[in-house]
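Letters go in sequence order (proteins before strands), and every chain restarts at 1.
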2 protein chains.
Amino acid sequence: MTDLFPKKGHDHDRCIDSAIAQAEKVCEAENARFTDMRRKVFSLIWQSHKAVTAYELLDALQAEGQRVQPPTVYRALEFLTDLGLVHRIESLNAYFGCDQPDCDHLGQYFICTRCGRVAETVDEDVSIAVRKAAKNVGFKIQATTVEIKGLCHDCTTH
Amino acid sequence: MTDLFPKKGHDHDRCIDSAIAQAEKVCEAENARFTDMRRKVFSLIWQSHKAVTAYELLDALQAEGQRVQPPTVYRALEFLTDLGLVHRIESLNAYFGCDQPDCDHLGQYFICTRCGRVAETVDEDVSIAVRKAAKNVGFKIQATTVEIKGLCHDCTTH
DNA sequence: CAAGAAATGATATATTATAACATATCACCC
DNA sequence: GGGTGATATGTTATAATATATCATTTCTTG
């Protein structure tokens with residue numbers, strides 16, 4: 001068993017730094033501009049391992065004295081999700097930083113209902129089963145949403 | 001290949017009647033009241049094989065001259081989803097009539113992005129793969145959301 | 001039929017998201 | 001290096017989805 005969720009007391013600054021470094025690389029590869037606003041939003045999303053709502057991001061930006069409006073946040077989110085740097089968690093209407101942006105959007109999301117954290121995995125068996133189920137019914141997949149709610153390992157044992 | 005989506009020109013009245021008959025049975029078994037409002041909402045949901053938003057239901061009820069407000073619709077939806085008679089499609093913020101209400105909520109939803117129809121399946125391989133993925137990471141499942149967007153068989157061939 | 005429980009009505013408001021147009025900033029060419 | 005078109009952000013308004021709260025009605029059951 002390998003817990004996907006980060007350990008208590010891990011060095012979260014490293015998560016943030018590494019995510020930003022990755023994002024920079026992706027943007028460069030895609031010839032997309034990682035502007036101040038996008039970087040700011042991305043870094044706010046990475047402040048925790050939870051999913052964050054657009055309005056939480058807005059509040060955080062405004063708390064810093066910026067006069068930001070909803071469209072600004074939603075635009076940054078659209079940019080980031082289009083590049084796969086952030087994923088939208090449909091069942092939470094919230095956004096989550098992806099730590100494997102080259103994963104082709106086939107991931108699955110574990111959402112802990114106790115601590116609120118989210119973890120992503122790209123499980124081949126799940127993808128295969130989903131693809132097979134689609135094939136069985138003659139369905140051509142464009143996108144999949146697999147969100148699993150429950151208790152993370154920490155929260156079942158503490 | 002067995003298409004889950006109903007054939008063109010199928011007798012949809014039978015879908016509706018059968019769904020209502022099933023719903024009556026479930027409510028009786030659960031000792032829950034299938035009131036006029038709940039029946040009305042349920043039957044509106046079953047007017048098509050698409051997912052319907054709460055406000056589309058509200059509009060339909062109001063179009064019939066009823067002076068219905070949002071909470072009324074949401075209450076009916078809550079009742080129906082709690083009993084498993086209706087499922088919420090998270091990625092659409094919309095509601096869909098379940099034709100196998102004893103399925104334990106482990107279903108997968110195929111959503112056709114062209115015709116808008118939704119079909120439900122309960123694929124054991126997918127469930128098993130998801131449960132295994134959860135076990136691998138020490139995660140205790142409470143609920144799963146598996147929504148697959150793409151083209152139904154009709155829409156790929158026509 | 002009375003009394004409590006369950007359902008619905010009614011009002012207000014919270015939360016999530018986008019449309020439309022104005023302004024600012026950037027990248028590139030000359 | 002300055003003009004120009006493209007890209008990004010600012011600004012205002014509003015749409016779409018959902019819930020809290022309290023009042024009233026309807027149902028059930030003794």
Interatomic distance, [X] [atom1] vs [N] [atom2] [rounded to whole Å]:
| X | N | atom1 | atom2 | result |
| --- | --- | --- | --- | --- |
| A/F79 | C/dA17 | CZ | P | 20 Å |
| A/D59 | C/dT16 | CG | P | 10 Å |
| B/L61 | C/dT8 | CG | C1' | 13 Å |
| B/L58 | D/dT19 | CG | P | 15 Å |
| B/L77 | C/dA7 | CG | C1' | 15 Å |
| A/R38 | C/dC26 | CZ | C1' | 12 Å |
| A/E30 | D/dT7 | CD | P | 15 Å |
| B/L92 | D/dA16 | CG | P | 16 Å |

| query | Any donor-acceptor pair under 3.5 Å between the side chain of B/Y55 and the base of D/dA18? | reply |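 Looking at the base of D/dA18, it does pair with a donor or acceptor on the side chain of B/Y55 (distance under 3.5 Å).
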**Message:** Using a heavy-atom cut-off of 4.0 Å across all strands, would you classify B/F34 as base, sugar-phosphate, or nothing?
**Reply:**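 The residue B/F34 makes no contact with any strand.
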Do any side-chain nitrogens or oxygens of [X] fall under 4.0 Å of OP1 or OP2 in [N]?
| X | N | answer |
| --- | --- | --- |
| B/R67 | C/dT8 | no |
| A/T35 | C/dC26 | no |
| B/Y74 | D/dA18 | yes |
| B/T72 | C/dT8 | no |
| B/R88 | D/dT17 | no |
| A/R75 | D/dT7 | no |

Minimum-distance nucleotide to [X] side chain [options: [options]]:
| X | options | answer |
| --- | --- | --- |
| A/Q69 | C/dG9, D/dT19, D/dT12 | D/dT12 |
| A/N93 | D/dT11, C/dA10, C/dT16 | C/dT16 |
| A/R33 | D/dT12, C/dA6, D/dA8 | D/dA8 |

Check your understanding: Charged N to carboxylate O under 4.0 angstrom, A/E147 versus A/K149?
Key -> no
- Task: State whether A/D154 and A/K8 are salt-bridged, where the test is any N-O pair (Lys NZ or Arg NE/NH1/NH2 against Asp/Glu carboxylate O) under 4.0 Å.
- Result: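 No.
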Check whether B/V41 and B/I16 end up in the same hydrophobic cluster, where Ile, Leu, Val, Met, Phe, Trp and Tyr are linked by side-chain heavy atoms less than 4.5 Å apart. yes
* Hey, any chance B/V130 and A/I141 share a hydrophobic cluster, counting ILVMFWY side chains that come within less than 4.5 Å of each other, even indirectly? -> yes
Under 6.0 Å from the ring centre and within 45 degrees of the ring axis: does the NZ or CZ of A/R38 meet both conditions for the six-membered ring of A/F79? yes
Using the closest heavy atom to pick a nucleotide of DNA chain C for each, name whichever of B/P70 or A/Y95 lands nearer the 5' end.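 Mapping each residue to its closest nucleotide by heavy atoms, the 5'-most match is B/P70.
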Residue pair A/A32/B/T53 against DNA chain D: nearer the 5' end by closest nucleotide is A/A32
Note: A/F96 and A/H49 closest approach over all heavy atoms is CE1-O, 3.7 Å
